[in-house]
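Below, each value reflects all heavy atoms present in this structure, side chains not excepted, and no hydrogens, waters or symmetry copies.
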Amino acid sequence: MGFFTEMFARPRPQDHPRYRAALALLNAMSNADRADIGIKPADFPRIAREMSMR
């Protein structure tokens, strides 16, 4: 039980605001827009991470 207590007692790391903004932008795109640039929803975290680094 100590593992669960420690796991849930620790604060969750907050996403960086730029990462959240990039992820929101990707989620707001329509399916046609996504197909035009050739990305899938599984690629969103990686792309958002790259966008937030710029």
Please tabulate, for the side chains in residues 44-51, all donor-acceptor contacts under 3.5 angstrom to protein atoms that are two or more places apart in sequence or on a different chain.
residue, atom, partner, partner atom, Å
R46, NH1, E50, OE2, 3.3

Do any side-chain atoms of residues 32-42 form donor-acceptor pairs under 3.5 angstrom with protein atoms, and if so which ones, sequence neighbours left out?
residue, atom, partner, partner atom, Å
D33, OD2, S30, OG, 3.2
R34, NH1, N31, OD1, 3.1
R34, NH2, N27, O, 3.3
R34, NH2, M29, O, 3.1

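Clustering of Ile, Leu, Val, Met, Phe, Trp and Tyr by side-chain heavy atoms under 4.5 Å joins M53 with none of the others.
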